[in-house]
K.L.:
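Structure incoming, see below.
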Amino acid sequence: PELPLLLYLPGFDGTLVSPWLQLPALSTDYDIVGLAIPMEDRSTFASLVDKVSDRLLTEPAERRVVLMGESFGGILTLAVALALERAGRPLS
């Protein structure tokens, strides 16, 4: 069976440095994807929510999705979860 998707949303630094040590252990139970935000990216918060939500809506409805956010990414995670719920694809 397909592993659940774990999407990591970083803090303001936009990197995947913070969870680096935990990712190998998590990769046995999850298909891990991380959002990297380049320093020159000036997307609005709403645009980031839309981009992440749109990406997650491409996943099969039956696939379990876990969002993990750090700092700014935690706030983004909550906004994405609300957007998915409004789109009829709430996270369980």
K.L.:
Val80 versus Leu7: any side-chain heavy-atom pair under 4.5 Å?
P.N.:
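Not touching, per the 4.5 Å side-chain cut-off.
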
K.L.:
Identify whether Leu9 and Ile75 are in the same connected component of the hydrophobic contact network (ILVMFWY, side-chain heavy atoms under 4.5 Å).
P.N.:
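Cluster IDs for Leu9 and Ile75 match.
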
K.L.:
Any side-chain heavy atom of Val65 within less than 4.5 Å of one from Leu84?
P.N.:
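With C-beta onward as the side chain, the pair stays apart.
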
K.L.:
Any idea which heavy atoms bring Ala81 and Leu91 closest together, and the distance?
P.N.:
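Looking at all heavy atoms of both residues, the shortest contact is CB-CD1, 4.1 Å.
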
K.L.:
May I have the list of side-chain donor-acceptor pairs in residues 48-55 shorter than 3.5 Å, sequence neighbours left out?
P.N.:
from: Lys51; atom 1: NZ; to: Ser43; atom 2: OG; distance (Å): 3.0
from: Ser53; atom 1: OG; to: Val49; atom 2: O; distance (Å): 2.8
from: Arg55; atom 1: NH1; to: Glu59; atom 2: OE2; distance (Å): 2.6
from: Arg55; atom 1: NH2; to: Glu59; atom 2: OE2; distance (Å): 3.3

K.L.:
I'd like to know if Leu35 and Leu57 are part of one continuous hydrophobic network [Ile/Leu/Val/Met/Phe/Trp/Tyr, side-chain heavy atoms within less than 4.5 Å].
P.N.:
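Yes; tracing contacts between hydrophobic side chains, which count when under 4.5 Å, links both residues.
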
K.L.:
In Å, rounded to the nearest 0.5 Å, how long is the span from CG of Leu76 to CD of Glu70?
P.N.:
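Spacing of CG (Leu76) from CD (Glu70) equals 12.5 Å.
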
K.L.:
Going by the ring-ring contact (aromatic ring centres under 6.0 Å, His included) test, which pairs reach into residues 58-89, not counting sequence neighbours?
P.N.:
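The answer is Phe12-Phe72, Phe45-Phe72.
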
K.L.:
Identify, with sequence neighbours excluded, every residue that meets salt bridge (Lys or Arg N to Asp or Glu O under 4.0 Å) alongside Asp31.
P.N.:
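Listed in chain order: Arg63.
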
